[in-house]
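Here the structure is laid out as structure tokens; the discussion comes afterwards.
Below, chains carry the letters A, B, ... as their sequence lines are ordered, and counting in each starts from 1.
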Amino acid sequence: MAAPALPSDPSSDNQHSVLIVEDEHALRRVLEYRLGGKYEVHTAAHGQEALEVISEHPPDLIVSDIMMPHMDGFALQEALQDDKNTRAIPFIFLTAKSDDDSRLEGLRQGVDDYITKPFDTDQLLGRIDRLVERAETFRSHLDAELGQDFSERLMPRSLPEPPGWRTFFVSRPHDQGGGDLFAWEEPEPGVFFLTVGDVMGKGLQAKFYAYTFLSYIRGTIHTMLAETSSPAALMERVNEMLLSDQVVEDTFASLLMARWDATEGTVTYANAGHSRPLLLSEKEESRIVKESDLVLGLKEGAAFHNYTFSMNGEDALVLYTDGLTEQRLESGRMIGEQGVLQIAAEARTAREPLANILRAIEPSTQHGDFDDDILMFWLQRAEE
Amino acid sequence: MSFDVTSRADQVVTINIGEALDFRNASEFKTLCEEEVQEGGRHFVLDFSGTGILDSTGLGAIFSLYRKVSPEDGEVVFAAVSKPVKVVVQLTRTYKVFQQFDDEAEARAALVEEGGATSSPSPERA
């Protein structure tokens, strides 16, 4: 399934719509009837009326007669060419033998097909199908490319690598995935600010919002780190932004911000409803880092808290997004937090722990493929 | 997949979520909620009995509903929360916002008692 186009809704697999512009009542009815089985059909009796219909219901394709009262097919086609919102709508002319061929030649640009009257309805239907399909293929290609581009921009280009630690990162964006994001910066030597999040929603729309959102978070962190080192304070600011900003209004996100002091071996974090990190311990039992607060964008004045833990020995911390825990196994059940915790704990001593986790999960997925974006960040103390 | 409004009695709108609320039908749910809010609905009971799937897009649609009714002292409460729904609610800590009841009747009774459409206290204060 292709990713949806902006700004249409991610869940819509609506019928395509066709506009018929024809002054002859009987022919209009016949076409409406024949196309109605497959397409959502709108009609107009002349160009002027067509423009009104188009502004209300932009069609996926237009079939238009040429000779019509008020505004003829040529004038309609020209008007559509002048507007960037309508220029790309596939256009088929119904031409009568008497129409001036030279005039048609001159207007070839912007017209996708001609059918000469009297015409065979099946032939017209076939051409409509082909044109709609071609436009659809083009659009989904473009969507896939855009999605890939956004996915790449939502991920880091490099990783923090302080001495005495090892870090790993994996991101497997999925077509139908959402807005996973990861970012980090080093406000002072040896201190890292990590952000991992998931903007709710699926497909290109979610990725787009995640991109807007991440730009904002990056800016906020950068500015605020001069005054505060508190993840909770930053979280409160981001929450207020989501609730007040027009562009990202109605956007909800889970987010985890962590201040990792690589010299002290401590992590202070605030968690806004995000997947809970795993603390894999060398000496104690591995556990889920449970403390967290409300998801972002929901409630004004929501309180966020800082929690701190230290990492000893060869302890490892795993940050991730819910694509991992919500991955369905062959049994139909989701792996869940406990499942991931167990797999991750076994990978703690591996050379490439994240690769081990993926290898452990992959064979038990339904189609040997992941259902959603997979994102993991692993940091671990290393004995020197 | 579609959603049923099972009751509008006492100005409390009860919606049966059915088997799934996810990226496939979240926009349909959103449209339904918008219509109900437009018609004056402020208090919503979402019935999750038999709901096997609630993903983040679905949850987002519920959040949108909450954002619409909360400034007008409206409430959204959950009834008969199934295991998969519980996991998502737990993870996002949204039980702080959406009160949960054993069944739809209990949820409606609580909303009516709290003042139904006239006034209602904040559902929070966990």
Side-chain angles (χ1 to χ4, degrees), chain A residues 1 4 8-14 176-180 198-203 205-206 209 242-243 249-255 271-276 288 290-305 321-323 325-326 328 332-334 336-338 371-373, chain B residues 1-3 19-34 37 51-76 78 82-99 122-126:
Chain A
M1 202 162 59
S8 70
D9 196 275
S11 63
S12 69
D13 45 9
N14 287 341
Q176 282 299 303
D180 285 7
D198 185 358
V199 175
M200 290 185 162
K202 281 275 187 281
Q205 208 169 25
Y209 281 120
L242 276 181
L243 283 158
E249 199 184 17
D250 227 23
T251 298
F252 309 98
S254 69
L255 197 68
N271 185 351
H274 192 73
S275 297
R276 305 185 291 187
I288 289 158
K290 287 207 168 86
E291 298 78 9
S292 69
D293 297 301
L294 190 65
V295 74
L296 296 173
L298 191 56
K299 205 172 169 71
E300 232 163 282
F304 298 94
H305 304 87
T321 55
D322 62 7
T325 42
E326 288 180 2
R328 284 188 186 275
R333 287 185 46 193
M334 296 190 294
E337 272 183 331
Q338 288 301 328
D371 305 336
D372 197 352
D373 291 347
Chain B
M1 245 173 305
S2 68
F3 305 93
E19 282 171 28
L21 177 54
D22 63 8
F23 70 96
R24 288 166 295 194
N25 61 1
S27 65
E28 196 185 320
F29 175 78
K30 244 172 136 167
T31 310
L32 173 73
C33 290
E34 273 157 24
V37 170
T51 305
I53 299 170
L54 175 64
D55 78 352
S56 67
T57 313
L59 198 62
I62 298 175
F63 291 177
S64 291
L65 171 64
Y66 174 79
R67 287 276 306 270
K68 283 203 179 64
V69 299
S70 63
E72 304 189 42
D73 291 325
E75 282 182 67
V76 179
F78 290 4
S82 59
K83 181 86 190 296
V85 174
K86 203 164 267 171
V87 170
V88 179
V89 168
Q90 173 76 24
L91 194 66
T92 51
R93 303 278 155 175
T94 35
Y95 52 80
K96 295 175 177 179
V97 174
F98 307 110
Q99 257 188 303
S122 159
E124 207 206 355
R125 291 299 164 255

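- The side-chain heavy atoms of B:Arg67 and A:Leu243, taken from C-beta on, include a pair separated by under 4.5 Å.
- Here A:Glu291 contributes atom CD and B:Arg93 contributes atom CZ; the two are 8.0 Å apart, rounded to the nearest 0.5 Å.
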| task | Under the side-chain contact (heavy atoms from CB on, under 4.5 Å) rule, what do A:His274 and B:Leu91 come out as? Steps first, then yes or no, please. | result | CA-CA 7 Å; A:His274 192 73; B:Leu91 194 66; over 6 Å; no

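- Between the CE atom in A:Met334 and the CD1 atom in B:Ile53 there is a gap of 9.0 Å [rounded to 0.5 Å].
- There is no contact between A:Ser254 and chain B, counting heavy-atom distances below 4.5 Å.
- With a 4.5 angstrom heavy-atom cutoff, B:Ile62 does not touch chain A via any of its atoms.
- Contact detail for A:Leu298 and B:Phe98: the closest heavy-atom pair is CD2-CE1, 4.3 Å.
- Note that OG of B:Ser70 and CD of A:Glu300 are 8.5 Å apart. Values are rounded to the nearest 0.5 Å.
- Between A:Asp198 atom CG and B:Thr92 atom OG1 the span is 11.5 Å, to the nearest 0.5 Å.
- Heavy-atom minimum distance, B:Phe63 versus A:Val295: CE1-CG1, 3.5 Å.
- With a 4.5 Å cut-off on side-chain heavy atoms, A:Phe252 and B:Ser64 count as touching.
- If you measure heavy-atom distances from A:Glu337 to chain B, the contacts under 4.5 Å come from the side chain alone.
- Of the listed residues (A:Leu296, A:Thr325, A:Leu294), the one with the most heavy-atom contacts under 4.5 Å to chain B is A:Leu294.
- When each of B:Gly58, B:Pro84, B:Gly60 is scored by its heavy-atom pairs under 4.5 Å with chain A, the top score falls to B:Gly60.
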